[in-house]
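Notes to accompany the following structure.
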Amino acid sequence: MKKLIIILMVGSLFGDTVVYRNDILMFKRTKILSDVSFVEVVPVDGKPYIKILISSNILGEKHTWIPCDKILELNDDNGSPIEFECANSKTKLKQAGNHLVRFRDEYYSGFLLSMFGNVATLYGASKNKSIIIEFGGVASLLGGILMLISFDSAGEAGEDLIDAGEILEAEQPKKDE
């Protein structure tokens, strides 16, 4: 599990490099911004973005924001990686909720497929049709596998909740004892 430390520093030199995905429709491409300065991670519409300062002789200084999930590399002027944390407690809690919703949907789909398979098997047995019995058995097996696989989403939700708790703890001001 990737754990990155929040570093919110403004570089005094414009030497940082950002490599990010800039997909347009079905064309996947990578874009590189050189001689920029990493400013901070900021939320925009509830999603984390990297704020970058770009300096140009023509345009002067301007900021740009790149979605965190598009960042492939963020390096300082020496080529060393700049560590940053794009998640906050709110985003982690939302991720956990999304994982739980996906778990429910996958589990119900598997359950319904399994029940359909059981009904088909019983019907095939009552009509003495081996092909329907086999079809029902396969459907029931696939439904069970789908239910089992759905627990991965529940595990991911649990991990996100643990991360959210740790981040929330770090976000809270320290109380003097």
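Computed over heavy atoms, backbone and side chain alike; hydrogens, waters and symmetry mates excluded. Just so we're clear, the structure is a prediction, and the values are computed from it rather than from any experiment.
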*asked:* Given 3.5 Å as the limit, does a donor-acceptor pair link the side chain of Asp76 with the main chain of Asn78, or not?
replied: yes

*Hey, can you tell me if Tyr107 and Phe111 have their rings parallel, tilted or perpendicular (30° and 60° cut-offs)?*
parallel

For a quick test of reading the model, state the closest non-hydrogen atom pair linking [X] to [Y] and the distance between them.
X      : Y      : answer
Gly110 : Met147 : C-CG, 3.6 Å
Asn22  : Lys31  : ND2-CD, 3.6 Å
Phe38  : Ile82  : CD2-CG2, 3.8 Å

Any side-chain heavy atom of [X] within less than 4.5 Å of one from [Y]?
X      : Y      : value
Ser153 : Leu100 : no
Asp16  : Leu53  : no
Asp160 : His99  : yes
Ile145 : Leu141 : yes
His63  : Trp65  : yes

*Who pairs with Leu72 by side-chain contact (heavy atoms from CB on, under 4.5 Å), at least two apart in sequence or on another chain?*
Val19, Arg21, Thr30

*By side-chain contact (heavy atoms from CB on, under 4.5 Å) - contacts of Leu161 (at least two apart)*: Leu93, Ala96

*For Val18 and Ile32, run side chain to side chain contact (heavy atoms under 4.5 Å, CB included): C-alpha distance rounded to whole Å, both residues' side-chain angles, the deciding distance at 0.1 Å, then the answer.*
CA-CA 6 Å; Val18 181; Ile32 299 172; over 6 Å; no

Could you tabulate the donor-acceptor pairs under 3.5 Å formed by side-chain atoms of residues 120-139, not counting sequence neighbours?
unit_1	atom_1	unit_2	atom_2	d
Thr121	OG1	Gly117	O	2.8
Thr121	OG1	Gly137	N	3.3
Ser126	OG	Tyr123	O	2.8

*Give the intermediate values and the outcome of side chain to side chain contact (heavy atoms under 4.5 Å, CB included) for residues Leu33 and Tyr20.*
CA-CA 8 Å; Leu33 294 177; Tyr20 66 100; 3.9 Å; yes

_Working for side chain to side chain donor-acceptor pair (under 3.5 Å), residues Asn75 and Thr17_ = CA-CA 5 Å; Asn75 298 320; Thr17 303; 5.9 Å; no

